[in-house]
Amino acid sequence: MSSLPLIWKLKRLLNIGSEKKLREAIGVVDNVVMEMLGQRRREMATTTTSLNKLDLLSKFMGSIEDDN
């Protein structure tokens, strides 16, 4: 949002202002997504395979072995 790229780069480098808020928000989103993936993985382990293939996330998780 800054008009000068130098100011934006400095804010990003020093982790201040809007860049700090952005980094914190990304961390929160990462945590929420990892919780959802763990919960879905546990659900898939306890239910039958025919029920696991109903949505896109389940299909994707069924095709990979590593959560990272």
Side-chain angles (χ1 to χ4, degrees):
M1 291 279 190
S2 180
S3 59
L4 298 173
L6 182 61
I7 294 173
W8 166 71
K9 288 180 182 182
L10 187 60
K11 286 170 67 173
R12 187 175 65 175
L13 178 68
L14 297 174
N15 196 29
I16 58 175
S18 59
E19 290 297 317
K20 181 177 182 176
K21 289 180 184 177
L22 178 62
R23 232 174 255 223
E24 290 170 352
I26 289 172
V28 169
V29 169
D30 277 349
N31 291 337
V32 169
V33 168
M34 290 307 291
E35 286 178 24
M36 282 178 46
L37 289 174
Q39 179 183 6
R40 184 64 59 99
R41 179 73 67 193
R42 288 188 298 274
E43 287 175 4
M44 288 174 66
T46 60
T47 60
T48 62
T49 58
S50 63
L51 296 176
N52 290 337
K53 305 295 182 189
L54 296 178
D55 59 14
L56 186 59
L57 179 60
S58 297
K59 289 180 182 181
F60 177 72
M61 289 180 65
S63 68
I64 61 171
E65 295 295 323
D66 185 18
D67 286 341
N68 293 331

Donor-acceptor contacts, no H, no angles, side chain residues 19-39, under 3.5 Å, sequence neighbours left out:
from	atom 1	to	atom 2	distance (Å)
Glu19	OE2	Trp8	NE1	2.9
Arg23	NH2	Arg12	O	3.3
Asn31	ND2	Gly27	O	3.4

Here the pair of heavy atoms bringing Lys11 nearest to Gly17 is CE-CA, 4.5 Å
Given a cutoff of under 4.5 Å between side-chain heavy atoms of I, L, V, M, F, W and Y, with clusters grown through shared members, what are the other residues clustered with Leu10?
-> Leu14, Ile16
